[in-house]
Structure formats: structure tokens, C-alpha cells
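Notes follow once the structure below has been shown.
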There are 2 protein chains.
Amino acid sequence: MIDTTHRSTGTRQRAQQVALALFTEQGYESTSLRQIADELGINKASLYHHFASKEAILRSLFEDRGTEVADLLTWLREQPRGPRLLEQTVLRWVDTFTTEKLAGIRFTTANPLVVRGLADASGDRVGAPLQELADELVALLPDGGQEQVVLVRMAILSVNAAVQAAAQADVSDAAVVAAAHRAARALVGEIGGAR
Amino acid sequence: MIDTTHRSTGTRQRAQQVALALFTEQGYESTSLRQIADELGINKASLYHHFASKEAILRSLFEDRGTEVADLLTWLREQPRGPRLLEQTVLRWVDTFTTEKLAGIRFTTANPLVVRGLADASGDRVGAPLQELADELVALLPDGGQEQVVLVRMAILSVNAAVQAAAQADVSDAAVVAAAHRAARALVGEIGGAR
DNA sequence: GTCTATACTACGATAGAC
DNA sequence: GTCTATCGTAGTATAGAC
């Protein structure tokens with residue numbers, strides 16, 4: 001449980017919020033600790049009381065993630081195979097993303113290389129679980145043509161694509177989420193459909 | 001015409017190739033001039049004979065782009081309005097991308113913020129033409145709901161999404177292009193289809 | 001928990017010889 | 001056109017007082 005009684009106690013979390021926002025707007029490499037500290041109203045050196053390094057700030061942003069992917073994987077493996085299982089799983093995944101959870105996606109689409117190269121405290125790539133889900137879904141395909149593989153992965157990444165597509169447009173988060181859902185359905189349909 | 005008689009004459013172009021590759025793999029900010037120079041087998045300072053700055057290298061990569069977007073815009077504006085015009089235009093755009101032209105897309109998806117903030121020698125954002133195309137296509141929509149706007153933009157960015165989806169998978173460029181085409185068709189269909 | 005002060009490094013960039 | 005040498009800056013990070 002988080003103690004918010006004393007203002008100073010929340011510095012770590014405020015730093016995470018500020019860092020996430022700046023990393024998303026400007027990029028991880030283009031954001032300096034000085035900038036984060038300034039926005040927090042503290043000294044640059046003080047950040048090191050809360051985080052061991054800049055990368056530690058970054059990694060901390062991935063620490064408290066939910067177990068959605070793992071849960072979905074477990075669910076998927078328990079399901080009987082069937083022609084609708086691919087679509088069901090993809091939509092379950094896409095519908096995980098409510099408007100509040102778009103911040104993480106925005107960070108990822110803004111810093112793809114950073115995320116790709118990032119490992120958590122256990123040394124596991126942070127993108128590994130989603131990769132695993134993708135592989136499992138590809139295995140459901142009747143024929144494993146390369147086009148199909150790409151389409152499956154595109155379907156999974158519909159939310160990312162929607163966020164990116166909306167980046168330059170003035171649309172609500174709700175519209176982004178709704179568009180992502182429809183896109184995922186259309187893409188899954190294309191996989192199953194004629195070619 | 002490019003003189004390739006003397007080895008040294010090609011240094012500028014070799015530098016562009018090396019820079020494009022490194023920027024794509026590691027990101028623009030994470031790539032130093034020293035690294036580019038090393039890969040070229042020349043001194044860091046020598047790069048400044050060919051380019052005025054690191055950003056000049058970056059901008060040079062966008063200099064010799066074709067006029068595909070502008071041409072497509074011209075074509076679009078000459079067409080009679082019709083229910084198939086949106087689909088036709090999107091597919092014309094997506095089919096612009098052959099396997100050789102994926103390198104630019106890979107760079108863009110790896111460095112979205114860099115591209116977004118980049119202006120050419122005339123001060124125009126390099127992404128402006130595509131933005132214009134998107135706006136024009138959105139104007140074709142019978143109802144301009146925000147979801148539809150996102151879906152149109154997703155359709156245009158199908159190649160980008162396909163490249164990103166394939167980034168971690170072992171698929172051929174041909175499969176990426178083919179998947180992008182099918183995705184674009186599916187997304188356009190979703191726009192026109194029932195909701 | 002925050003500060004000042006500082007170390008160390010790497011970067012982009014320039015000057016000038018060859 | 002490439003080199004050596006160097007400049008100035010900004011970055012991450014650390015030491016130690018308060």
C-alpha cells in the first residue's frame with residue numbers, strides 16, 4: 001500500500017509519472033535526468049536517492065505491470081482448439097486496453113527500440129510474454145504462410161497501430177480503443193477469409 | 001549521375017547507407033558520428049566534409065524521396081467522388097511499397113519521434129504530405145466519426161504496421177508487403193462495412 | 001530526502017596541417 | 001578528402017554536507 005500522507009513520500013511515483021510523460025513525448029534518449037528533476041522541482045542528484053540509474057527509472061515503469069498476457073496465455077492453453085479460438089484470443093487481448101492503459105502503449109510506440117532492448121530485473125525481455133502469445137496464436141493457423149504470420153501479429157498489435165495512427169490526429173482515447181477493436185476483428189477476418 | 005569511378009567519391013552515399021542502417025538498428029540518438037565513421041573506415045572529423053552536422057545526415061536521407069505522395073494527391077483530386085475512391089487510393093498508396101522501399105519504413109517505425117520532429121531544407125515537416133493525404137481521405141468519409149478517422153489512418157499506415165509486426169519475426173520482405181496489402185483492404189472494408 | 005559540488009565520459013563540432 | 005588535435009557542452013553518476 002502506498003503512503004501518500006507525506007508529500008515527499010510520493011516523489012518516486014511522481015518521478016515515474018513525469019518520466020513516462022517525457023519519455024513518451026521526447027523519447028528516452030532525448031530526455032535528461034535534469035529535465036525530469038526540474039519538472040519535479042528537485043535537484044538532479046536527488047533522483048539517485050530513488051533510482052540507481054536512468055535505466056532503473058525506465059525499468060521501474062515496467063515493474064508493476066499486470067499479468068494480463070500470462071493470464072491470457074494460460075486461458076488459451078486450456079481452451080479446446082477450434083476455428084474461432086484465434087479471433088477470441090486476439091479480441092480478448094485487444095479489449096484488455098482501456099483508455100487508462102494507453103499510456104504504456106504510447107510509450108512503446110514512441111520508443112520501440114528501447115522497449116525491444118529492455119530486460120527486467122530477472123533478465124527477461126519485457127516484450128517476451130507478448131512474443132510468446134503471438135507464437136502460440138501463429139501455431140493455431142491451419143496453414144502457416146508468412147503473410148498469415150504477419151497478419152496475426154498485426155492483429156495483436158492493433159492497439160499499437162491505432163495509437164500510432166491517431167498520434168497526429170485529434171481524436172479521443174475512446175475512439176482509439178474502439179478503432180483498435182474493429183481493426184483487430186477485420187484483420188482476423190482477413191486471416192480466416194479468402195486470399 | 002553518380003560518379004563511382006573513384007572510390008572516395010562515393011563516401012557521402014556510403015555514409016548515408018551506413019547511417020540509415022545504424023539509425024534503424026540502434027536509433028538516431030543512440031548512434032554516434034564516431035560509430036558511423038568507424039564503419040566507413042574514416043575519421044569522425046572527415047564526416048564533416050560531407051555533411052554539416054549529424055542532423056544534416058538525417059535530413060539527407062529524406063532528400064531524394066520520390067514524389068509518390070504528391071502524385072497520388074494530385075490523382076485523387078482529379079478523380080470523381082465515388083464509393084470506391086477511398087479504397088482505390090489507399091491501395092494505390094500501399095502498393096507503392098515494394099520490398100526495396102521498406103528500408104525507409106523501417107527507419108520511420110524505429111524512430112517515430114525523430115521523423116515527426118524533422119523538417120526538410122524548406123522547413124516543411126517531412127511527414128506533412130502523408131498527413132495531407134490522410135486528411136483528404138478522411139474528407140471522403142460519409143460520416144466523420146473519430147473511429148473512422150483512426151481506421152482510415154491505420155489503413156494508410158498498413159505498411160508501417162506490417163513492418164513493425166514483422167520486426168521480431170522471421171519473415172521475408174515480400175510477405176510483409178503482401179500482408180500490408182491485405183491488411184489495408186481489410187481495414188478499408190471495415191470502414192465501409194457495418195458497425 | 002534534498003542539496004552543492006564535482007568527477008568522468010562521450011558527444012557534436014571546429015581549426016588547421018597534409 | 002582525410003587526418004590529428006582540441007574545444008565546449010551536456011550527459012550520467014558519485015561524494016559528502018545538511
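Throughout, protein chains are lettered first and strands after them, A, B, ... in sequence-line order, and every chain is numbered starting at 1.
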Practice task
Would you indicate which nucleotide in C/dC11, D/dT2, D/dT4 comes nearest to any side-chain atom of B/His49?
Solution key: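 Given the options C/dC11, D/dT2, D/dT4, the side chain of B/His49 is closest to D/dT2.
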
Just how far, in rounded Å, is [atom2] of [N] from [atom1] of [X]?
X       : N      : atom1 : atom2 : answer
A/Leu40 : C/dG1  : CG    : P     : 14 Å
A/Arg34 : C/dC3  : CZ    : C1'   : 15 Å
A/Glu29 : D/dT12 : CD    : C1'   : 14 Å
B/Leu47 : D/dT4  : CG    : P     : 14 Å
A/Ile42 : C/dT4  : CD1   : P     : 12 Å
B/Phe51 : D/dT2  : CZ    : P     : 11 Å
B/Leu58 : C/dA13 : CG    : P     : 12 Å
B/Asn43 : D/dT4  : CG    : P     : 5 Å

State whether [X] places a side-chain N or O below 4.0 Å from either non-bridging phosphate oxygen (OP1 or OP2) of [N].
X       : N      : result
B/His50 : D/dT2  : yes
B/Thr11 : D/dG1  : no
A/Ser32 : D/dA10 : no
B/Ser46 : D/dC3  : yes

Donor-acceptor contact present, side-chain [X] to main-chain [Y], <3.5 Å:
X        : Y        : result
A/Lys44  : A/Ser32  : no
B/Gln146 : A/Ser172 : yes
B/Arg81  : B/Gln79  : yes
A/Arg92  : A/Leu72  : no
A/Asn111 : A/Phe23  : yes

Problem - Touch class at under 4.0 angstrom, heavy-atom based, for B/Thr31 against every strand present - result: sugar-phosphate

Handout entry: B/Ser53 versus B/Glu55, side-chain donor and acceptor atoms under 3.5 Å
Key =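 B/Glu55 vs B/Ser53: no donor-acceptor pair found between side chains.
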
Practice task
With the side chain counted from C-beta on, respond yes when A/Val150 and A/Glu147 share a heavy-atom pair under 4.5 Å apart, and no when they do not.
Solution key: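 Contact flag for A/Val150/A/Glu147 side chains = no.
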
Problem - Contact pattern, 5' to 3', of nucleotides 13-18 of chain D - B, S or - by protein heavy atom under 4.0 Å - result: BB----

